[in-house]
Asker: 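First the structure, which I've put down as C-alpha cells, then a few questions once you've had a look.
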Amino acid sequence: MPALAVAMLTGCSKNWLDIKPEKSQAIPSKLSDYAALLNNTAQTNSNLLAIGELAGDGHFVTDAVYAATTTAPALNAYTWSQLTVLQNQAGYNDIYTRIFFLNVVLDGLNKLSVATEPERKELAALKARANFHKAYSYYWLSQLYAQPYQAATAATDQGIIVQDDIDFRENARRITVAETYKTIIDMLKEALPNLPVQTPHVTQPGQAAAHALLARVYLIMQQYEDALASAASSLNQQSTLLDFSTLPTNRFFVGAFNTEVLYHDEMGSNEMNNLHSSNSLVDPAIYNSLAADDLRKVIFFTQNTTTGNITFKGNYNNSNWQLFGGIATDEVYLIRAEAYARTGDATSAMKDLNDLLRSRWAKDVNGNTLFTDLTAADAEEALDLVLAERKKELMYRGLRWSDLRRLNLEPARAITLTRTVSGKTYTLEPNNYRYSFPLPTNALELGGHLQTTGW
Amino acid sequence: MNVNPSCVVACWRHPLMKQCSRIMRLTILFIIIGVLNASAKSYGQISIQVKDTPLSQVLEQIRKQSGYVFLTNQQELGKYRITAQVMDADIKTVMDKVIGKLPLQYRIIDRTIVIKQKNTTTENIIASDPETPADIEVSGRVVDEKGAILEGASVWATKGSFTQGTSSDKNGNFTLKNIPDDATLHISRLGYQQVDINLKRAKLPLTVTLKLSIQKLDEVNITYKTGYQQISKDRATGSFVQISKEMLERTPSTNLLDRIAYVTSGLVFDRKPTTGAMGERQTPYIIRGLSTIQGNPHPLIVIDGFPYEESTQEGSNLYMLLNDLNPNDVQDVTILRDAAAASIWGSKAGNGVIVITTKKGRFNQAARVEFTSNISIKDKEDLSYLSIMSAADAVEVHKSMYERGLYNPYDANYPTQRNFGVLPEAAEVLLQLRKGNITQQQADAKLAALAAYDNRGDVEKYLMQRGVDQQYALNVSGGTDRFTYYTSVGVDQNRPTNVGNSSSRITLRSDNTYKITKNLTLNAYINYTQAKTINNGLDYMTMLHSQPLYTRFVDEAGNPVAIPYKFRQTFVDTVAYPTMLDWRFYPTLENKNRNNTGTNMDIRAGGSLQYTLPAGFKLDVSYQYQRISHELKNINGANSFFTRDLLNRFMGGTPTAVTWPIQRGAVVYYNNNTQKMWQARAQLNYNKSFGLHQVNALAGMDVSQKNIDGLSDIWYGYNEETGLFQSFINYDQFYLTRPGSGQERITAGNNVFGNVRRQRSYFANAAYNYDNRYTFTVSGRQDGANIFGVKANQQLSPFWSAGLLWNISNEKFYDLKILSDLKFRATYGFNGNHKSASAFATITYTNNGLTGYPAGQLTGWPNPYLRWEKTKVVNLGLDFGFVGNRVNGSIEWYQKNGIDLIGPVVNDPSTGIASYSGNQANIRGRGIDLMLSSRNLTGALQWNTNFTFSYNSNKVTAYEVKPMAGQMLGGGQPVVGRQLWGLYSYKWAGLDATGKPQGILADTVASYQKVMGFTGPNPNTKPEDLLYHGTSTPRVSGNILNNISYKGFDISFNITYAYDYFFRRTSVNYNNLFPISGNGGTYAQSITHKDYAKRWKKEGDEAFTSVPAMPASSDFNLNSFYTSSAVLVSPGDHIRLRDIRIGYDLSRLPINKLVKRAHLTATISNLGILWKANDQGLDPDYASREIPAAKSYTIGLQLQF
C-alpha cells in the first residue's frame, strides 16, 4: 500500500488543492502560455465594433435591405438615431471582452517572475504586445464613444470607459477625452521599445505598427508635427506598397496579410447584420471619381452590369463580412502626406501621394506606369488632394468616421450627412452630439455609467 | 501482502507492449493473486458483547458474523437473557460462553448448530420408554418450490432427548442412520420455512420441499450500501432503494444503466437528452427531478466504494456512461435518494447516487461457476414512422416551385452566380425541359416515375440489417475460511441495425479477499475492459430527412446510384478536369469506404485493508487506480466522399498541369485521450452494543486526483498498408479552392489538451439505535476542490444530514396484527453539486486558424466567487408490511430545494464580462415515491406484483435573468414561478379564411405577423402572451412488473407509464421548400413534413385543418409561428409495454447433476405503446425525427455449477 500512503500524505498537505485544475497545458503559467494567448487572434485581432463604419458616408443600402435588418445597433447606427433601445449589444461586449482578455494576460505577466535575461526580454515583449492590442482597442472605442478630440475642452469632455482589473465585479469607469488619448499614447510609447522590428506575422504588432497607430492618433488630435514624426518612423521601417498591376481582378477581396499590412485587425459582423457584404452599395460619386487607368476601379470595386450597383471587393481580409480594421502602409503614406501638407511642405506631401497612387495605376505593355504625377500649387491644394484620396483609398476600414469627426471641426471642411430610408430623411449635422454613440442600456444600468452627452 | 496496482499499470504503458502481451500479463497477475490466496491462514472471528440480551438476538448476531444457521425452538430461547463478552473467538468458544451456563446443549453439524434442552438423565428417558422402537435409515432429497436442489439444508431427527442431524449434499440428498422410526424429522435452511415430518407416516425416501421464508428474505438479508458502509434496512433512516441481482438479470443489456432504467421509483429515465439553458447536456437518468440548471446534472455512480466516471473525449464534460462495466459482475445496485442516504457523498451527491456492488466470493463456499448467455435479435426500425412528405407531394411541390420561376436562377446564371447548391432531381428534370434538352413527354414520364418511388425500401435493403447482440459471461467464485476469490470474463458482441456499425467488449475481473492475521483482512481487485466500436455506417436518417423520398439510392438492378449531395449533379458532371476525382456521392458505397474505429481500454485496480482494533473499532484504508484510454481513429478512405471532396476542392494548377496540395490517400482523424485517476480513503469504523443501545459510527478522509491528457491530429495521404502519410504539407498557404474562388488553408489537426482535478474531503457519520425501536443518524462532510477559488475553498461549507427512524411495530403497545410491520422515517440535510467551472483563468491550446500558430483560448474566466451548489432535502417515509408480508412497501414524501444554483449573472458589459456563471438561482422540488410489492398468489401457482409510482414537480423560485419570449419557446429557459423545462407556445386561434394561422395577443385574435411582430428587443409578444402547457419531462411515472410462476415456468412483464407532460410535434416547414438563391447556392432541402398533404387548400378547409396554406414565398414568420404554436403541442401521457420475459427452470429436467441451476429465458423488448393521450399516432418519446426502438428478441441461458 505505499501508493495509498503516499496518496494520503500528499492529499493532507495544506496547499494540495491549490494546484490549478488545467495543469499542463491549460493554466497560463509560463511565458509560452501567454505567447499562445496572444496568438489567439479571435480574441486579440478581431471583432472590432463596426458601428462607426456603418454610420459613415461613402456607402448606403437599399430600403429593402434596411427593412430586412433586425439588429438594433445596425438600424440605429445607419440612421444616427436610437430607433431601438440597445439592451445588450454583442459588438460592444466583444470589444470589452477583448480588453478583459488582454487584462488577464497582463495580470498574469505582471505576476510572473522569470530568472534569465532572455526571459525578461521576452516577458517585456509580450507585455508590449498585449499593451498594443489594448491601446488599439481603446483607440477604436475612442472613435465611437468619446467626444471628438478638441484640445480646449478635452480635459472635461466625455471619453471612453476603461477597465484595467481582472476582477469583473470591479466597475469599469468612464474617463475624459484627455485621459483617453493620454492613456492610449502612454501605452504605445511604453510598448514601443519592447516591440520587435520584425514580427513573424502581421497579427503581431511590431514597431512600425505602433508608430503608425501613434501617427493616426496624433492626426486625430490635430498634432501634425507629432503625426509627421510618427508616420515617418513607421515608413522608415516598412514602406512596401502593393503593385496593383500584379493583382488578379477576379477575386472577391484583395486578401489578408498582404505586403501593405502593418497590423491585421478585423471588424466584427455582429452588429452589421445585412448592412454589409454585397448588400452595401458604394456611392457612385466615389466610383466615378476614379480615373480610367486607376486599377482600384476593378480591384476595389465591381459594378453589376444590369443594375449598375457598385459593390466593394477591396477588403484587406479574406472575407466580405469581416472588414479589415488594421493598419496598412497606404494609410501611413496618406497620414504623412497630410501632415506634410498641414505643416506647409507641399512638395513632400505630393511625393508621398504620388508614390502611393503610382502603385495603384495600370502599366503599359512594357511595364511602364501610365500614371502621371499630380502637382499642387500650395500646401492647401496638396491637403485637398490628400483628403480626397483618403476617401477613395481607405474605404470600409472604419477610418472615414474618424475623418468626419475631425474634419467637421474645420468649418470649411464640415459635412452634413443625410440619408433617406423608406421616404424618411435622416440628417447628421457637423459636430452633432450623435457623432459619439450612446452606451447600451445594460452598461448604464449595471455599470452605473453616465450616458453619452446628448442621448 | 501488497499488490501495488499503479505499479502494474505503469508497466502497462510500455510502448512495446502489444495487445496479446497485455492479456498475458493480466493472466499472470490473476495467477499471482490466486497463489497468494493459498498462503493465507485460517481464523474464525466472532465477537460478542451483550448485556441482558435475549438469546435469540445473540444467536442472530452470531449468525451474521459466522454464517452458522441455528436450529432450535424459538419460544424456548425467548426466556433466556444473556450477558457475555467474547472477542475474536472461534464458534465453539463463543457458543460455550453464551449458553454454557444455561440448561441447554448444542451441537455443530456442518454449518448448522442445533440447540436443545440439556439431557438431564438419558437413562430416565430410556427407562420411561421401554418399547424402544426399531432404528431405521432415513434418506431423502431437499428441493425448493421450483424443484431446484437445495444444498446445505439442515436435517435432524428428534425424539425426546434423542437428536441426530446432518445436512443435504450437493445434490440435495441426505441420509441419517439409526433413527427411531417414530422420530420427527426437521428440515431447515436459511431463508426457508422449516418443515417437520413425522417419520411414522412418511414414505421413504423423502422428497422435502422447502418454501421461501419471505420474512427472512425481506427483513434480514437487505443491507443498503452507501459506498462507505452497509446499513441494515432496520436501521436506515434515509431513502434507499435496492435493485436485486434478480431484477438486474431481467434485462439482457450490455450496459447496466439500461437494466435499472424502468424498474424502480424515484429514478426516471427520460430518453430525450435535452440541452440546458446554456447548452449544457442533460442526462437521461434523473433521480427525483432536476435540482440544478447549469451544474452537473448526472447522478453520481459509485462502484465498490469509489466514484466512477467514464469521460468522453470532449474533455472536462463528464457523461454518465457505464460502458466499461460488465453488468453480469454486479451483485446489486442501491439508489440513494435523499440527503441522509447520500450526504456521505457531500458535494457529489446533489443529483442522487447510484451505488453498484460487484459480486464477490464468500468464505467457506465451494467453487461455484456461473455462466450467462444472451443472444438478441433486433428488428430493423420501422421507416414508415418517418414524417416525411410523400414522393408524389414532393414532385408536386417541385413542379410548383419551378412554375413560380424559383429554379430559374439556377439555370440562367449557372455557373456565374455560383449556384452549386443541391437541387432536387425533379427540379433538374424541369430545368432540362426548360433548356429544351428533353421533351415534355420525357419530362412527364420522368416525373411520374419519381412520384411513384419510395427510397425507404432502398435504405432498408442496403443500409439496414437485423441487429444481433451476443453476450457471454462466465465467473468462478468461492472461498475457504481464509480467502475468497471471484474471477470473471465477459464477452459482448453487438451489431446494430445500421450496416457498417458494430461494437465488441471483453471484460476481465478478479477480486480476492484474504485474512492475513486474525485482525487483518486484505482485499485486492483488478478489472480490465477492452472495447472496440466500429462506426462506418451511413447516417441514413439524416440522409432520408434531407432528400425527397423519390431520390434513388440504387438503380433497378441494385447498383449504387449517386444522389444530389453538397453540389449540383450538373456541376459535378461538368467541372471535371481530366484528372479530377469523381465528385459524386454514392450513399450505398460510403460505409465500405470508411474505417472509423474507437478503442477503449479501461483498467481499474485497487484494494483495501481492514484492521480490527479493540473496543469495537476497525480501521479501513482503501485505494483505487483507474486508467481509461480512448483512441479514436476515423479513416476516410481514399475513395470516400469526404476525401474525394477535399482533394477536389484543393486541386490546383491548370487543366494540363494539375497540382494536388493534398495527396491521394486516406484522410485520418486521430484522437487519443487518457484519463488517469486515483482515489484513496482512510476510514475508522466503530460498532458497539451496550445492552439495548447500539452505536455505529465512522469518520474518515478521501483524496482523489484525476488527470486527462490527450492529443488529436489529422493525417493526409494516409496509406493503410504502409502506415505512411503525407509529411510535407504547407499549412500556411492559402489555396484557391473550388467551387467559387474561396481561399482556404489545409486544416492542421494536431492538438494537445489536458487538465487535472483534485478533491479532498472529510466525512463522518453516526447512528444510534435503541432496542430496535429508535434510530438516530447524523452525517457530515466537508469538501474542497481545486476547481474553486481560494475564497470558496476557505469557507467552511459542510454538507450534513440528520435522520430519525421509529420502528413503530416493535413498540410494546403496538398490537395492530394485520399491519405487522410499520416504520416511520424522517430526514433533513444538504447535498452539493458542482460545475466544471474554474476559479482560475484556464486555457486550451488550439492551432490558430488565421496564422497557424499555437494559440491559447481562454476556456474559463477567472471566477473567484464560484462555490458549491446546494440541495436541501426533507424526506418523510413510511415503511409497511402486512401480515405474512403478502403486501409490503414504502411511501415517501420529499422536498428537494436547489439553493445557490449556478446560472448566468448579468454584469456591466464594459467590464468585459457581460454575463458570468454565478450562484444565483433557486429551485423548489417536491415529490412522492411509492413502492409496493405484493404476493397475490402463493402456492404452486405464484403471482407477484411490483408497483412503483413517482411524482415530482419543481418550481423555479429565483433566477436572475428575465425571460424573453423567444428563449422560452426555445426551451430550457428558467422562468420564476414555473417548472424547469416548461413547454411554452404561441396561443392558437385557428386558420383564417385564407389559410393563414392566427394567434392571440392580449385576448384578441391577431394575425401571425402581428404575433411575431418585431422579434428584436421590442417584440409584440411578451412572455405573458405565451401559453404555458406544463413540463416536458413527466411529472408522474412508474412501472408495474408482474411475475407469475408455475412448476418451473415463469413469465413476467413490465409496463411503464408516464403522465402529466407535454411534447411539441413537428409539422410542415414551408421555408424548407423554397430554394434560396444567392451566393453559393445555399442548399435547400426541398421537402417537409407529411402534414403537407393535410394543408389548407381552399376556403372552408380551415374548419377541419390546422395546417396553414402554402405561402406564395418563403415566410419565416409563418413558419416560426406555426412550429411554435399551441396546436402542435400534445400531451405526452402514455402507457408502454416494455418487455415480456418467459423463463423455464431447466434444472427440473434430468440433466447433468453438476448443474445446480439452469434457467432458460426468452425476452421480447420494446413491445410498444399500449395507450397514449395524443391522437396523432406519435410515440411521445420519438416525436421529432427519430424512429421508435424496434422490437428485439432475446434468448438467455443462465447456468450455475
Asker: Can you name the residues that form a side chain to side chain contact (heavy atoms under 4.5 Å, CB included) with L439(A), not counting sequence neighbours?
Answerer: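 Applying side chain to side chain contact (heavy atoms under 4.5 Å, CB included) to L439(A) gives Y92(A), Y145(A), I161(A), R174(A), L444(A), H449(A), Q451(A), T452(A).
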Asker: What are the two closest non-hydrogen atoms of G856(B) and L37(A), and how far apart are they?
Answerer: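 So the minimum-distance heavy-atom pair works out to O-CD2, 3.4 Å.
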Asker: Going by the rule side-chain hydrogen bond (donor to acceptor under 3.5 Å, both in side chains), which residues pair with Q920(B) if we only count those two or more places apart in sequence or in a different chain?
Answerer: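 For Q920(B), no residue satisfies side-chain hydrogen bond (donor to acceptor under 3.5 Å, both in side chains) once neighbours in sequence are set aside.
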Asker: Give me the atom names and distance for the closest heavy-atom approach of S910(B) to A172(A).
Answerer: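 Answer, listing the atom of S910(B) first, then A172(A): O-CB, 3.7 Å.
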Asker: Return the option, out of N103(A), N40(A), N442(A), with the maximum number of heavy-atom pairs under 4.5 Å with chain B.
Answerer: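 Ranked by heavy-atom pairs under 4.5 Å with chain B, first place is N40(A).
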Asker: Sort Q89(A) into side chain, backbone, both or neither according to what part of it lies under 4.5 angstrom from a heavy atom of chain B.
Answerer: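 Neither part.
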Asker: Might you point out which heavy atoms bring D908(B) and L446(A) nearest each other, and give the distance in Å?
Answerer: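 Between these two residues, the closest heavy atoms are N-CB, 3.6 Å.
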Asker: Rounded at 0.5 Å granularity, tell me how far CG in N93(A) sits from OG1 in T911(B).
Answerer: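 Going from CG on N93(A) over to OG1 on T911(B), the span is 9.0 Å.
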Asker: Select one option (side chain, backbone, both, neither) describing which atoms of P200(A) are under 4.5 Å from chain B's heavy atoms.
Answerer: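 It is both, since atoms from each part get that close.
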Asker: Heavy-atom cut-off 4.5 Å, strictly under: side chain, backbone, both or neither for V906(B) against chain A?
Answerer: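 Its backbone and side chain both get close to chain A.
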Asker: Are more than 12 heavy atoms from other residues, nucleotides or ligands located less than 6.0 Å from atom OH of Y611(B)?
Answerer: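 Atom OH in Y611(B) is not crowded, with 12 or fewer foreign heavy atoms closer than 6.0 Å.
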Asker: Quick one: sort the Y916(B) and F168(A) rings into parallel, tilted or perpendicular, breaks at 30° and 60°.
Answerer: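 Tilted.
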